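By convention in this document, chain letters (A, B, ...) are assigned in the order of the sequence lines, proteins followed by strands, and residues within each chain are numbered from 1. Every heavy atom of this structure was used, including side-chain atoms; hydrogens, water molecules and symmetry mates were not. Keep in mind that this is a model prediction, so the values were computed, not measured.
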Number of protein chains: 2
Amino acid sequence: MAKIKENSTNSLNRKFLTDCNLTYAVQLMGGRWKLLILMQLNAGTMRYGELKKKIVNITERMLTLQLRELEADGLIARQVYAEVPPRVEYTLTDIGRQLVPICDALHGWGTLHRSHVSGEASTLFH
Amino acid sequence: MAKIKENSTNSLNRKFLTDCNLTYAVQLMGGRWKLLILMQLNAGTMRYGELKKKIVNITERMLTLQLRELEADGLIARQVYAEVPPRVEYTLTDIGRQLVPICDALHGWGTLHRSHVSGEASTLFH
DNA sequence: TATGATACCTACAAAAATGTATGTAATGGC
DNA sequence: GCCATTACATACATTTTTGTAGGTATCATA
């Protein structure tokens with residue numbers, strides 16, 4: 001993560017939004033790749049390298065960053081095995097798993113929205 | 001909105017994530033102030049100035065930007081009255097309103113997460 | 001004629017998020 | 001001794017998001 005200026009308006013606004021449990025929740029899941037990671041882990045525990053393969057376009061840096069944040073926020077757990085070459089496994093925590101049904105609902109809403117949009121577009125043709 | 005470089009990896013990744021209906025949904029609601037606006041409008045149609053008063057820390061520029069995006073994405077509707085001084089009202093659309101129960105669920109999850117975190121912290125005291 | 005009200009707009013600046021390129025440790029097998 | 005493997009770390013560059021400061025149009029009213 002890049003450094004953050006503690007007293008910028010930007011940063012203060014972020015803190016202000018943390019007070020609301022809704023925007024707080026969005027802050028926790030809002031990173032670009034976080035939900036994809038969560039959905040992968042919902043299918044089962046995975047190693048770093050497996051995640052990298054599954055999430056096609058993510059870079060190692062981004063994967064690491066998002067994993068670190070998810071871990072810091074308690075949505076996933078990180079298990080390191082003292083082996084060489086290293087083996088690190090990531091698993092959803094309870095609270096992380098509780099986000100999954102909401103993701104499903106969001107997925108459904110996204111699907112609906114998309115059909116809505118393309119549906120509106122198709123009305124142009126008759 | 002600021003200009004966007006169509007062919008940056010950043011931009012291409014955004015498009016890639018648009019393919020998934022889950023991350024697509026998050027893109028639609030992910031702006032910093034968007035959900036606060038939606039929740040306000042869920043209480044009823046509101047004028048620009050009312051929103052500004054309700055959402056304490058938002059600047060006019062940000063309010064305008066987020067409203068424009070929400071409108072472009074069909075989550076809210078904008079009604080202009082030909083009066084002086086101008087009067088503009090914003091209302092949730094159907095698809096926008098369908099996001100509300102999901103926001104409620106997210107709010108609940110946020111509350112749970114927060115109590116989880118502070119709960120863990122409090123275990124330090126005994 | 002000046003002022004206030006409302007809902008913006010614009011140029012610019014700052015901050016944050018994301019991506020690129022390269023390097024590292026440890027160890028087993030060749 | 002050299003290489004491959006894995007899960008990162010680090011410095012840096014680019015892109016995007018957010019915030020700052022000022023301005024605009026219209027018309028009724030003072």
Side-chain angles (χ1 to χ4, degrees), chain A residues 1-18 23 26-34 36-37 45-71 76 78-90, chain B residues 1-18 23 26-27 29-34 36-37 46-71 76 78-90:
Chain A
M1 262 182 303
K3 233 160 219 163
I4 282 182
K5 310 251 168 156
E6 286 288 321
N7 285 329
S8 63
T9 302
N10 192 314
S11 186
L12 293 176
N13 275 344
R14 185 214 305 281
K15 284 173 195 161
F16 166 74
L17 290 167
T18 300
T23 39
V26 173
Q27 285 174 6
L28 297 183
M29 51 158 255
R32 175 168 277 190
W33 306 95
K34 283 185 183 174
L36 290 189
I37 294 173
T45 295
M46 269 194 200
R47 296 182 61 170
Y48 179 88
E50 293 180 282
L51 283 169
K52 207 182 96 180
K53 264 175 226 153
K54 289 279 192 176
I55 304 174
V56 181
N57 285 341
I58 200 169
T59 63
E60 294 195 344
R61 173 176 145 79
M62 272 304 120
L63 180 53
T64 302
L65 279 178
Q66 305 275 284
L67 286 170
R68 289 287 177 282
E69 288 187 24
L70 287 168
E71 190 198 357
I76 65 175
R78 178 168 181 264
Q79 169 82 335
V80 185
Y81 296 89
E83 302 174 359
V84 169
R87 179 158 65 101
V88 180
E89 288 184 351
Y90 293 92
Chain B
M1 262 186 302
K3 239 168 211 152
I4 283 183
K5 311 252 168 156
E6 286 288 320
N7 286 329
S8 62
T9 303
N10 192 316
S11 186
L12 293 176
N13 276 343
R14 184 216 303 284
K15 284 174 195 160
F16 165 74
L17 290 167
T18 300
T23 40
V26 173
Q27 285 173 7
M29 50 158 255
R32 173 168 278 189
W33 306 95
K34 283 185 182 174
L36 290 189
I37 294 173
M46 268 194 201
R47 296 181 60 171
Y48 180 88
E50 293 180 282
L51 283 168
K52 208 183 98 179
K53 264 175 226 154
K54 290 279 192 175
I55 304 175
V56 182
N57 284 340
I58 200 170
T59 64
E60 295 195 344
R61 173 176 145 79
M62 272 303 120
L63 179 54
T64 303
L65 277 178
Q66 305 274 285
L67 286 171
R68 288 288 176 282
E69 287 188 22
L70 288 169
E71 190 198 356
I76 65 175
R78 180 170 180 262
Q79 170 83 335
V80 185
Y81 296 90
E83 302 174 0
V84 169
R87 179 158 65 100
V88 181
E89 289 184 350
Y90 293 93

query: Is a side-chain donor or acceptor of A/S11 paired with a backbone partner of A/N7 at a separation under 3.5 angstrom?
result: no
- prompt: Hey, does the side-chain of B/R61 have a donor or acceptor N/O within less than 3.5 Å of a partner on the base of D/dT18?
  reply: yes
query: Quick one: B/L17 CG to D/dT16 C1', roughly how many Å, whole number?
result: 15 Å
query: Between B/L36 and A/L17, is any pair of side-chain heavy atoms under 4.5 Å apart?
result: yes
query: Nearest to the side chain of B/V84 - D/dT26, C/dG19, C/dA15?
result: D/dT26
- prompt: Is any side-chain heavy atom of A/K34 less than 4.5 Å from a side-chain heavy atom of A/E69?
  reply: yes
query: Under 4.0 Å between a side-chain N or O of B/R14 and OP1 or OP2 of D/dT17?
result: yes
message: Rounded to whole Å, how long is the line connecting atom CD of B/Q66 with atom P of C/dC8?
response: 14 Å
task: Look at B/S8 and D/dT16 and indicate whether a side-chain polar atom (N or O) is within less than 4.0 Å of OP1 or OP2.
output: yes
message: Checking contacts here: which listed nucleotide (D/dG19, C/dT18, C/dG19) is nearest the side-chain heavy atoms of A/L65?
response: C/dT18
message: With a cut-off of less than 4.0 Å, is there a side-chain N or O of B/Y90 near OP1 or OP2 of C/dC8?
response: yes
- request: Could you state the atom-to-atom distance from CG of A/L67 to P of D/dA9 in whole Å?
  value: 10 Å
field: Taking every non-hydrogen atom, the tightest pair across B/R87 and B/E89
entry: NH1-OE2, 3.1 Å
field: Distance in angstrom units between B/F16 CZ and C/dT18 P, rounded
entry: 15 Å
- request: Give A/E83 one of three labels, base, sugar-phosphate or nothing, depending on what nucleic acid heavy atoms sit under 4.0 Å from its own.
  value: nothing
message: Side chain of B/N13 only, heavy atoms from C-beta on: which candidate in C/dG19, D/dA7, C/dC8 is closest?
response: C/dG19
query: Between B/R87 and C/dA5, is there a side-chain N or O to OP1/OP2 distance below 4.0 Å?
result: no
task: Using atom CD of A/Q27 as one end and atom P of D/dT18 as the other, report the distance to the nearest whole Å.
output: 11 Å
task: For B/G31 and for A/R47, locate the closest nucleotide of DNA chain D by heavy-atom distance; then report the residue assigned to the nucleotide nearer the 5' terminus.
output: A/R47
query: Looking at the side chain of B/V88, which of D/dG19, D/dT16, C/dC8 is the nearest nucleotide?
result: C/dC8
task: State whether the side chain of A/Q27 and the backbone N or O of A/R14 hold a donor-acceptor pair below 3.5 Å, judged by distance alone.
output: yes
query: Any side-chain N or O of A/T9 under 4.0 Å from OP1/OP2 of C/dA14?
result: no
- request: Nearest whole angstrom, please: distance from the C1' of C/dG19 to the CG of B/N7.
  value: 15 Å
message: If you assign A/W33 and A/N10 each to the DNA chain C nucleotide with the nearest heavy atom, which residue ends up on the more 5' nucleotide?
response: A/N10
message: Whether the side chain of A/R32 engages the backbone of B/N10 through a donor-acceptor N/O pair (distance < 3.5 Å, no angle test) should be reported.
response: yes
message: Output the rounded distance in Å from CG (A/L12) to C1' (D/dT20).
response: 15 Å
- prompt: Would you say B/W33 and B/L65 make side-chain contact, with heavy atoms under 4.5 Å?
  reply: no
- line: Side-chain contact check for B/P86: nearest option of C/dT6, D/dA9, D/dT15 is C/dT6
message: What's A/Y81 touching, base or sugar-phosphate or nothing? Going by heavy atoms closer than 4.0 Å.
response: nothing
- request: Side chain of A/S11 only, please: which of C/dA16, C/dG19, D/dC8 is the nearest?
  value: C/dA16
statement: Whole-Å distance, A/M62 CE to D/dT16 P, equals 14 Å
- line: Judged by nearest nucleotide, the residue sitting upstream toward the 5' end of DNA chain C, A/P85 or A/G30, is A/G30
- prompt: Nearest of D/dT20, C/dA7, C/dT20 to any side-chain atom of B/R78?
  reply: C/dA7
- prompt: Taking the nucleotide of DNA chain D with the closest heavy atom to each, which residue, A/E50 or A/R32, is nearer the 5' end?
  reply: A/E50
